[in-house]
Amino acid sequence: MQRKWKRYLIYVPFVAGIILFLLLYRYSFPQGDDFTFASRGRTLASIGNFYKYYYTYAGSRIANSFAQILLLNGLFLWKILTPFVIEGTGLLLFYASCGHIAPQEDRWKRDFSLACICAFFPGLFPLAHGLFGDTFVWMDGSCNYLYPMLFLLIGVLPFWNALRGRPLSRPLQWICPIFFVVAGLMHEQIAVALFVFCMASLFLLKKQKPISPYFLVLFILSAAILIFTFTCPGAYYRLSTTSYATTNHQELLIRNLINYFSVFNGTLWPVSVLMGLCSLYFLHQCPMGRFPRLLKLLICLGCVLSALAKPIGLPAKSIFWVFFFAIYYLAILLGFLLTAHEMPQYQFLPALYLSLWSSQAIPAVLGAVGRPMFPLIILTLLLALSTAEGFQNNHVISVIEVCAAVTALLALLHAIGPFQSNFAAYQDIERQVNAARFGQSNVVTFDQRKLNKHYCYFNAFSQAYHYDIQQYYGLNAKVKIRFIASASPDA
């Protein structure tokens, strides 16, 4: 009986997570592009027509069409489904890290601590740059980043298990390619990450044994998805409307890279340090020599500077940081390659790390920070959890993971208050809308100053969505819609 009780203990955090997120999502409301996709996708036929328009003028991603399907019934389906998607992502992180779902007899405590941090992982996401609000709270943002990440983690299981020497069940051999293709089509960042992960995995697996045709087919699919993504006319049309169309490309690229890398010595320094610590741990296990010692020195310097640059007053945005982080992250990659060469059981490290950074190729070039960094943080978490599985002292790791899980849980519990206050502000808007519909008022005010921007889409209500908001609520042209902007939460 005791053994059976332990077996089900690891599921308790995931069930608790589902209940907590169902509570949080009670206070969700439409924001930003939700109005656009809801008002222009009321039927399956209109969703198909809108995708043709989107493909021509914006890009190939199908994530927004997926959002439109969910919006056919308002936010109801999304509110119910998303908590399960979050906990499903956490369960996949758990499985990818330790290789099993049911706990083993000799490590149920270790599995429970791992389950806790995986179940509450959204609480570890930074609030800065809209990373939490734009991906977990905003409906369309979650469809572009959270849902594709779930599909990616399922889709790459064949390669992941092969790299880690784990078997893959026959049903998953048929299921994974479906999610693999859908993940790549959902978002261009995922398409790039999939292709690089497949290419790196094939190279690493080829050193041990002949490549299975199954893996070659997946690689060809990833290449086809990438070609489809980068031959889409909409992506280039959208790029032509940005500053790349009018500014010197070289100057703009440098400026964008400076802006992108500046967050790694500022608000996102823990992500940068965590990567370095993972590489240092594995380098410590490799045979010593001049080259490993040099890598250790570079990585240690990178960890310290990332953490202390802002407190000691170093300039946040400088071309120096672009070169510095390029060297630092290259040193981490070389550390993982050396580890994979010396210890084949860790050959997944360079593949994961390359995939992690390839997902950031487009954001780095465009200088985009915030929600485009969602894949980076999720895969960095997977890297850290997989690294922790290699530690011999299970007690120490369990304590660290439990402390991290408690911190994440406290952050999520704290979020209940801002969720409720934002929803109260939205209910005030709904009261104004109802009054306008019944002719009791001819003005509806969307005051973004009443919103806690860390817990919603930063551009939830703005003039850019005037027409779509009018269509969404069915307001006639006589009703004046006023928008009151607020400062950026990171200002």
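Count residues from 1 along the sequence.
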Where the side chain of Tyr455 meets the backbone of Ile416, is there a donor-acceptor pair that is under 3.5 Å apart? no
Locate the shortest heavy-atom distance separating Cys118 from Leu385; write the atom from each residue and the value. SG-CD1, 3.8 Å
Full working for side chain to side chain contact (heavy atoms under 4.5 Å, CB included) between Val192 and Ser359: CA-CA 6 Å; Val192 177; Ser359 74; over 6 Å; no
Should the ring pair Trp321 and Phe324 be called parallel, tilted or perpendicular, given that the plane angle runs from 0 to 90° and is split at 30 and 60? perpendicular
Are more than 12 heavy atoms from other residues, nucleotides or ligands located less than 6.0 Å from atom NE2 of His341? no
Quick one: are Arg61 and Glu188 in side-chain contact, heavy atoms under 4.5 Å? yes
Using a 4.5 Å cut-off on heavy atoms from C-beta on, say whether the side chain of Val433 contacts that of Leu475. yes
Sidechain-backbone polar pair: Gln360 side chain, Pro372 backbone, donor-acceptor under 3.5 Å: yes
Distance in Å, Asp468 CG paired with Thr36 OG1, rounded so as to fall on 0.5 Å steps: 3.5 Å
Here's one to test your reading of the geometry: is the NZ or CZ of Arg371 within 45 degrees of the ring axis of Tyr145 and under 6.0 Å from its centre? no
Interatomic distance, Tyr467 atom OH to Ile481 atom CD1 [nearest 0.5 angstrom]: 11.5 Å
Within the distance-only criterion (no hydrogens, no angle test), does the side chain of Gln68 pair as donor or acceptor with the backbone N or O of Phe37 below 3.5 angstrom? yes
Distance-only, no hydrogens or angles: does the Ser318 side chain make a donor-acceptor pair with backbone N or O of Phe320 under 3.5 Å? yes
With a 3.5 Å distance limit and no angle check, can you tell me whether Gln448 reaches the backbone of Phe461 through a side-chain donor-acceptor pair? yes
Under a plain distance cut-off of 3.5 Å, with no hydrogens placed, do Lys317 and Asn259 share a side-chain donor-acceptor pair? yes
Is any side-chain heavy atom of Ser222 closer than 4.5 Å to a side-chain heavy atom of Phe197? no
Check: Phe125 ring centroid to Phe132 ring centroid under 6.0 Å: no
Okay, side chain of Thr82, backbone of Lys79: is any donor-acceptor separation there less than 3.5 Å? no
Would Phe50 and Tyr53 count as a close aromatic pair, with their ring centres under 6.0 Å? yes
Given Asn144, which of Asn64, Asp33, Thr135 fulfils the side-chain hydrogen bond (donor to acceptor under 3.5 Å, both in side chains) condition? Asn64
With distance as the sole criterion, is a donor-acceptor pair present between the side chains of Ser272 and Tyr329 under 3.5 Å? yes
On the 0 to 90° scale, with breaks at 30° and 60°, tag the Phe35-Tyr472 ring pair as parallel, tilted or perpendicular. perpendicular
Chi angles and distances behind the side chain to side chain contact (heavy atoms under 4.5 Å, CB included) call for Ile62, Tyr54: CA-CA 9 Å; Ile62 64 170; Tyr54 195 88; over 6 Å; no
Working to the nearest 0.5 angstrom, can you tell me the gap between Ile154 CD1 and Ile178 CD1? 10.5 Å
Between Phe121 and Phe94, does the ring centre distance come in under 6.0 Å? no
Just how far is it from atom CG of Leu93 to atom CG of Leu382, taken to the nearest 0.5 Å? 6.0 Å
So that I know where these two stand, are Phe66 and Tyr147 an aromatic pair - ring centroids less than 6.0 Å apart? yes
Give, for atom OG of Ser386 and atom CG of Leu352, the distance between the pair rounded to the nearest 0.5 Å. 6.5 Å
Could you check whether Trp138 and Phe458 have their ring centres less than 6.0 Å apart? no
Do Phe419 and Tyr27 have their ring centres less than 6.0 Å from each other? no
Heavy-atom check, side chain of Ile225 versus side chain of Thr229, under 4.5 Å: yes
Side-chain donor-acceptor pair under 3.5 Å between Tyr95 and Asn161, yes or no? yes
Flag the pair Met139 / Leu71 as yes when at least one side-chain heavy-atom distance between them is below 4.5 Å, and no otherwise. yes
Rounded to the nearest 0.5 Å, how far does CD1 of Ile299 lie from CG of Leu277? 9.5 Å
Residues Leu451 and Ala460: closest non-hydrogen pair is CD1-CB, 4.1 Å
Met199/Leu354 under side chain to side chain contact (heavy atoms under 4.5 Å, CB included): CA gap, chis, key distance, verdict: CA-CA 10 Å; Met199 187 165 57; Leu354 285 169; over 6 Å; no
Ring pair (Phe, Tyr, Trp, His ring centres under 6.0 Å) with Tyr353: of Tyr346, Phe336, Phe282, only one passes, and it is Phe336
Are any of the side-chain heavy atoms of Met275 and Trp357 separated by less than 4.5 Å? yes
Please determine if Asp428 and Lys450 form a salt bridge, counting it only when a charged side-chain N lies under 4.0 Å from a carboxylate O. yes
Check step by step if ring-ring contact (aromatic ring centres under 6.0 Å, His included) holds for Phe230 and Phe195. CA-CA 13 Å; Phe230 283 95; Phe195 176 75; 9.7 Å; no
Go through it in stages, so that I can follow the logic: the residues are Trp78 and Ser28, the test is side chain to side chain donor-acceptor pair (under 3.5 Å), and I'd like the CA-CA distance, side-chain angles, deciding distance and then a yes or no. CA-CA 10 Å; Trp78 176 78; Ser28 296; over 6 Å; no
Gln347 side chain near Leu349 side chain, heavy-atom distance below 4.5 Å: no
For Ala388 versus Glu401, what's the shortest heavy-atom pair and its separation? CB-OE2, 3.9 Å
Is it the case that the ring center of Tyr55 lies less than 6.0 angstrom away from the ring center of Phe228? yes
Any Cys198 side-chain heavy atom under 4.5 Å of Phe180 side chain: yes
For the rings on Phe219 and Phe215, is their centre-to-centre separation under 6.0 Å? no
Donor-acceptor contact present, side-chain Asp34 to main-chain Gln31, <3.5 Å: yes
Output yes when a side-chain donor or acceptor of His187 lies under 3.5 Å from a complementary backbone atom of Gln189, and no otherwise. yes
Over 12 non-hydrogen atoms of neighbours within 6.0 angstrom of CZ in Arg42: yes
